[in-house]
Amino acid sequence: MRFRVDRDVLADAVTWTARSLPTRPPVPVLAGVRLEADTTGTVQLSSFDYEVSARSQIPADVSEAGSVLVSGRLLAEISRALPDKPVDVVLEGTKVIVTCGASRFTLLTMPVEDYPNLPVMPPTTGTVDGDELTHAVAQVSVAASRDDTLPLLTGVRVEIEGEKVTLLATDRYRLALRELTWKPSSPDISTVALVRARTLLDAAKSLGSAGSVTVALATGTGVDMIGFEAAGRQTTSLLVDGDYPAVRRLFPDETPIHAVVGTHALADAAKRVSLVAERNTPIRLSFSEGQVVLDAGQGDDAQASEAIESTLVGDDISVAFNPQFLLDGLGALSTPFVRLSFTHPNKPVEFTGQQTADGEDNQEYRYLLVPIRFAS
């Protein structure tokens, strides 16, 4: 195998392909990235850990075809550190020689014949705008659990009904829902998938800038899998197995009280007030006509309080939140104003966005947060 490739092209491709490699693989070859050079002028890079696969294809000047398996993380580090010159990659026996300008690296190879076959990309299910996918996944994934002992809750539930896609995630303390439109391959498609939040977030971030992202989904056919493809890159992931809890019913049908506050003003005030909130202690929001007062700390501890402008419809109400969960929800909103809708001080509060202080709320994105009982 022998090829020459642009340094930046190689570095980007290796970094992307190796991004999900396990730090402690069950077998050594799973820490590798496979390079396959073709005399048609392409090099394909691939990685696979039996759960997530990645492929990228780059143009190169290939003089000898061949395939090789080398340490993915090491190759990524080397390729990023090379000078800005063409890179020559040559297989010599059991070693790969990487030369760039005056720099020369020798890498040991792994047995490429021991590397597992990568999964086949499922049939195309539809396409979605990359920027919208990236934004929607980021909004929802903040509510997914990070606790691997509850694998179901580390996933994002993807519900597809024709041209509408709904993303849902919860960690039992908050719930996020985002709706978006896409172009399905079949207008009457109806399916559900549970995708690991970190995998979905990674795919959306890394492929979203490519413009249009192709989504491929396979369920009920033996191996349940989702795939994403854009700009010459493909990634697949196994789906999470299990029945997701019926969380949609948690959203209230009616909310007799609601308040509207500037999103950035509330987030900035919450950040300042939460400076005195010790670990796992809440900040309280007290809503009355014309203002909301945020406060934290009590007794002999450090205390903070700040009042900002807001509008209130309904009775005065006070509620307390985990500061980080509050900030996560506010950070996920992209509107100038946020509406907080209440049913009871101890019942979950729904956050939605508004373009104006007296306008209608946009329920395309909904964030439900469970309050904390505040010690009096």
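Computation of the quantities below employed the complete heavy-atom set of this structure, encompassing side-chain atoms and omitting hydrogens, waters and symmetry-equivalent molecules.
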Subject >> Gap between atom CG of Leu294 and atom CD of Gln291 - 0.5 Å precision >> reply: 10.5 Å
Original post:
Hey, what do you get for CZ (Phe337) to CG (Asp358), rounding to the nearest 0.5 Å?
Top reply: 8.5 Å
**OP:** Could you tell me whether Gln303 atom CD has more than 12 heavy atoms of other residues or ligands within 6.0 Å of it?
**Re:** yes
Original post:
Hey, are Asp171 and Ser145 close enough side-chain-wise for a donor-acceptor pair under 3.5 Å?
Top reply: no
**OP:** Taking all heavy atoms of Ala176 and all of Tyr365, pick out the closest pair and write down the distance.
**Re:** CB-OH, 3.9 Å
Distance-only donor-acceptor pairs under 3.5 Å for side chains of residues 57-68, two or more places apart:
unit_1, atom_1, unit_2, atom_2, d
Ser63, OG, Arg2, O, 3.3

Are [X] and [Y] close enough for a salt bridge, meaning some N to O gap below 4.0 Å?
X      : Y      : value
Lys271 : Glu306 : no
Arg55  : Glu36  : no
Asp148 : Arg196 : no

**OP:** Please go through Val240's hydrophobic cluster and name the other residues, only I, L, V, M, F, W, Y counting, with side-chain heavy atoms under 4.5 Å joining them.
**Re:** Leu150, Leu152, Leu153, Leu168, Leu175, Leu177, Leu194, Tyr244, Val247, Leu250, Phe251, Leu368
Subject >> Note, Gln363 side chain near Glu350 side chain (heavy atom, < 4.5 Å) >> reply: yes
Side-chain donor-acceptor distances from residues 319-334 under 3.5 Å, at least two apart:
unit_1, atom_1, unit_2, atom_2, d
Asn322, OD1, Gln324, N, 2.9
Asn322, OD1, Phe325, N, 3.0
Gln324, NE2, Asp328, OD1, 2.9
Asp328, OD2, Arg174, NH1, 3.1

